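A, B, ... follow the sequence lines: proteins, then strands. Residue 1 opens every chain. The shown structure was predicted, so the numbers you read here are calculated from the model rather than taken from an experiment.
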There are 2 protein chains.
Amino acid sequence: MSENEETTHSATRNRLLQAALQAFGSRDYDGVSTREIVEAAEANISAISYHFGGKRGLYLATVDFLAEKLQSGMNDQLEQIRQTAEETPPDRSATLICDFLLHFLEHILLGEMGKHAPGIIFREQNQPTEAFNILYEKLLAPMHHTLALLVARYRGQQASDPASIIMAHALIGQTVIFRIGRTMLLRRLNLSAYSTANIETLKNQLRRNYLALLNSPPDPTETDIRHHAE
Amino acid sequence: MSENEETTHSATRNRLLQAALQAFGSRDYDGVSTREIVEAAEANISAISYHFGGKRGLYLATVDFLAEKLQSGMNDQLEQIRQTAEETPPDRSATLICDFLLHFLEHILLGEMGKHAPGIIFREQNQPTEAFNILYEKLLAPMHHTLALLVARYRGQQASDPASIIMAHALIGQTVIFRIGRTMLLRRLNLSAYSTANIETLKNQLRRNYLALLNSPPDPTETDIRHHAE
DNA sequence: TTGATTAAGTCAAACGATTGATTGAAATTA
DNA sequence: TAATTTCAATCAATCGTTTGACTTAATCAA
């Protein structure tokens with residue numbers, strides 16, 4: 001009762017989700033075979049149909065599993081940030097934004113999240129399926145909203161102002177590109193992998209980039225993607 | 001003689017490449033069937049083995065086809081930029097960078113390139129295969145190098161300085177995130193697609209972002225990812 | 001010009017292998 | 001006993017590839 005649905009189910013079900021997360025995280029839906037998953041999960045093939053109704057059901061459950069896993073670790077942080085932002089002067093929002101994004105960067109570069117999530121998230125962005133809704137509601141939207149809130153607070157705009165939303169998007173992009181474009185950047189730098197020293201350098205550089213963006217003057221012509229800002 | 005190899009081959013071969021580009025651009029390697037490709041290309045199944053040795057060969061040829069196609073349109077532009085940069089004072093490099101990136105943005109948002117290339121490029125970044133080398137050599141590296149050159153020139157650094165490379169990467173990331181994360185941003189803005197007005201707004205915002213990043217002070221501690229800058 | 005020869009390209013048909021899914025019995029648990 | 005879960009075996013469908021005959025076009029000797 002203290003646990004949610006997933007954990008009260010059979011152990012086989014959890015092993016399938018773990019194995020599926022690993023598989024779908026590194027390869028595409030069609031590139032993953034059900035037999036490969038059940039082998040990694042030490043389960044029988046029919047377990048997929050039994051527990052999830054089929055391969056498609058397993059994929060959706062896996063995305064939900066991933067979203068739930070990441071959400072639990074991030075929502076507390078986001079909530080805390082929103083509270084802190086309300087209690088401190090607006091100009092401190094920049095620090096909150098930087099700290100959150102740099103923490104996020106570490107997660108996608110080094111953490112467990114960085115292994116599986118990016119592949120799935122990008123694939124769903126590029127060719128959205130039902131699974132994108134799950135990712136958006138549980139992961140992308142909360143993060144995006146909180147960031148836009150802080151941006152608006154710091155820059156004296158409305159959180160619903162598209163300018164704030166675009167800026168939040170730009171800040172996120174500035175961050176995730178070092179995970180998404182990792183292969184390209186590493187090759188440019190003649191590195192085979194990020195070292196901890198590399199990541200420190202990146203964080204320093206990114207912090208300056210964040211502040212440069214946040215402190216840049218808003219559009220004087222008040223261009224608005226949907227309506228005019230109030 | 002005036003044409004290169006590709007065009008002198010059979011028409012079937014070209015139709016296969018076109019169909020394969022469309023297919024591999026929107027779906028994953030394993031998600032695309034050879035029969036689907038030959039159907040779109042109005043060719044026989046055995047044509048793939050005949051012309052490319054197999055599905056894998058067709059994929060590699062398709063990536064090369066894509067790279068070649070985009071390279072031709074970009075290399076001239078890059079070369080022109082490098083020349084212009086040498087003839088004008090360093091502080092004008094910022095304008096060159098902005099113009100190039102904004103032109104690039106339009107291409108990936110509206111142009112033919114935006115349809116197929118992003119999916120293939122990201123996939124090869126996330127799970128590199130032999131095809132990544134083709135993309136890197138013909139597309140990513142030239143663009144990255146030129147941008148780093150201009151950045152270094154504008155900021156008074158060496159083009160080989162990792163700080164310049166990282167800044168170039170950040171600028172590219174700032175741009176492509178509006179294509180990669182399109183689905184998320186559009187949902188946040190309650191839009192179904194970018195309009196030309198939207199894109200103008202984006203370009204205005206991005207130009208300010210570029211300049212903010214380019215004008216931001218370099219790292220005072222001279223942190224260097226590989227060695228110390230001279 | 002003619003007819004034979006050769007090579008290039010295309011075609012329908014079939015190959016074995018693998019795919020996701022299903023079956024009904026067996027095992028496990030309540 | 002009854003419900004849940006796991007299992008080996010098998011299903012039809014699709015996968016990438018191969019085969020050998022067929023068509024087309026170019027080449028060359030007569």
Colleague: Whole angstroms only, please: what is the OH-P distance between Y50(B) and dA8(C)?
Modeller: 6 Å
Colleague: Give me the distances for all protein-to-nucleotides 18-22 of chain C N/O pairs that come in under 3.5 Å?
Modeller:
{"residue": "dG20(C)", "atom": "OP1", "partner": "V32(A)", "partner atom": "O", "Å": "3.1"}
{"residue": "dG20(C)", "atom": "OP1", "partner": "T34(A)", "partner atom": "N", "Å": "3.4"}
{"residue": "dG20(C)", "atom": "OP1", "partner": "K55(A)", "partner atom": "NZ", "Å": "2.7"}
{"residue": "dG20(C)", "atom": "OP2", "partner": "T34(A)", "partner atom": "N", "Å": "2.8"}
{"residue": "dG20(C)", "atom": "OP2", "partner": "T34(A)", "partner atom": "OG1", "Å": "2.9"}
{"residue": "dG20(C)", "atom": "N7", "partner": "R35(A)", "partner atom": "NH1", "Å": "2.8"}
{"residue": "dG20(C)", "atom": "O6", "partner": "R35(A)", "partner atom": "NH2", "Å": "3.0"}
{"residue": "dA21(C)", "atom": "OP2", "partner": "K55(A)", "partner atom": "N", "Å": "2.8"}
{"residue": "dA21(C)", "atom": "N6", "partner": "R35(A)", "partner atom": "NH2", "Å": "3.4"}

Colleague: Is NZ or CZ of K203(B) both nearer than 6.0 Å to the six-membered ring centre of F178(B) and within 45° of the ring axis?
Modeller: no
Colleague: Rounding to an integer number of Å, can you tell me how far E39(B) CD sits from dT14(D) P?
Modeller: 12 Å
Colleague: Using modelled atom types and a 3.5 Å cut-off, is there a donor and acceptor pairing between side-chain atoms of H103(B) and backbone atoms of D99(B)?
Modeller: no
Colleague: For F52(B) and dT10(C), give me the distance from atom CZ to atom C1', rounded to whole Å.
Modeller: 15 Å
Colleague: Report the distance from atom CG of L16(B) to atom C1' of dT17(D), rounded to the nearest whole Å.
Modeller: 15 Å
Colleague: Please name the residue in the list I120(A), L140(A), N126(A) that meets the side chain to side chain contact (heavy atoms under 4.5 Å, CB included) test with F132(A).
Modeller: L140(A)
Colleague: Taking only the side-chain nitrogens and oxygens of H51(A), find out if one of them lies under 4.0 Å from OP1 or OP2 of dT6(D).
Modeller: yes
Colleague: Within the side chain of N198(B), is there an N or O that forms a donor-acceptor pair under 3.5 Å with the backbone of S195(B)?
Modeller: yes
Colleague: Would you call the rings of F104(B) and F100(B) parallel, tilted or perpendicular if under 30° counts as parallel and over 60° as perpendicular?
Modeller: parallel
Colleague: Starting at CZ of R15(A) and ending at C1' of dT6(D), how long is that distance when rounded to a whole Å?
Modeller: 11 Å
Colleague: According to side chain to side chain donor-acceptor pair (under 3.5 Å), who are the partners of R179(B), at least two apart in sequence or on a separate chain?
Modeller: none
Colleague: We want to know whether H51(B) and R13(B) form a side-chain donor-acceptor pair, criterion being a heavy-atom distance below 3.5 angstrom.
Modeller: no
Colleague: Polar pairs (N or O, both sides) under 3.5 Å between protein and nucleotides 1-3 of chain D?
Modeller:
none

Colleague: Please state whether the phosphate of dT5(D), meaning OP1 or OP2, lies under 4.0 angstrom from any side-chain nitrogen or oxygen of T12(A).
Modeller: no
Colleague: What I want to find out is whether E68(B) reaches K138(B) closely enough, with some N-O distance under 4.0 Å, to be called a salt bridge.
Modeller: yes
Colleague: Between dT10(C) atom P and N14(B) atom CG, what is the distance in whole Å?
Modeller: 11 Å
Colleague: What's the separation between atom CD in Q127(A) and atom OH in Y29(A), rounded to the nearest 0.5 Å?
Modeller: 14.5 Å
